[in-house]
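Quick caveat, the model's predicted, so the values are computed rather than measured.
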Amino acid sequence: MPTDPTWLTTRQAAELANSWRDTVSAGRSATIGSSAIRTWASRGHLAAAGLDERGHPLYRLADVARAELATRARALRLVGISQN
């Protein structure tokens with residue numbers, strides 16, 4: 001576990017993004033798994049801020065929040081739902 005609580009592992013980032021989406025959508029949203037976090041990173045939506053002791057990526061809390069918000073907004077636009 002990282003010593004700085006604002007740095008998250010892939011699993012921690014997925015769990016946190018899920019809790020945000022559940023709060024915003026009253027539990028009716030798609031689940032975000034570790035694979036989604038890795039996809040966000042591979043597509044350039046989320047950059048690793050460092051590596052843990054095993055060489056696995058660590059993400060900043062604020063970066064995860066921005067990536068989650070951006071992907072949620074994109075998904076809602078694709079299905080024709082306004083966020084206003």
Which salt bridge (charged side-chain N to carboxylate O under 4.0 Å, His left out) pairs, counting each pair once, include a residue from residues 8-19, with sequence neighbours left out?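 For residues 8-19, and leaving out neighbouring residues, the salt bridge (charged side-chain N to carboxylate O under 4.0 Å, His left out) pairs sorted by first residue read R11-E15.
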
Testing the basics here: between A47 and D63, what is the closest heavy-atom pair and its distance to 0.1 Å?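 Reported closest heavy-atom pair: O-OD2, 4.2 Å.
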
Where V64 and L8 come nearest, the two heavy atoms and their spacing: CG2-CD1, 4.1 Å

Name each donor-acceptor pair under 3.5 Å that joins a side chain in residues 54-62 to protein atoms two or more places apart or in another chain, with its distance.
none

Without placing hydrogens or testing angles, list every side-chain donor-acceptor pair under 3.5 Å for residues 32-43, not counting sequence neighbours.
| unit_1 | atom_1 | unit_2 | atom_2 | d |
| --- | --- | --- | --- | --- |
| T39 | OG1 | S35 | O | 2.9 |
| S42 | OG | T39 | O | 3.0 |

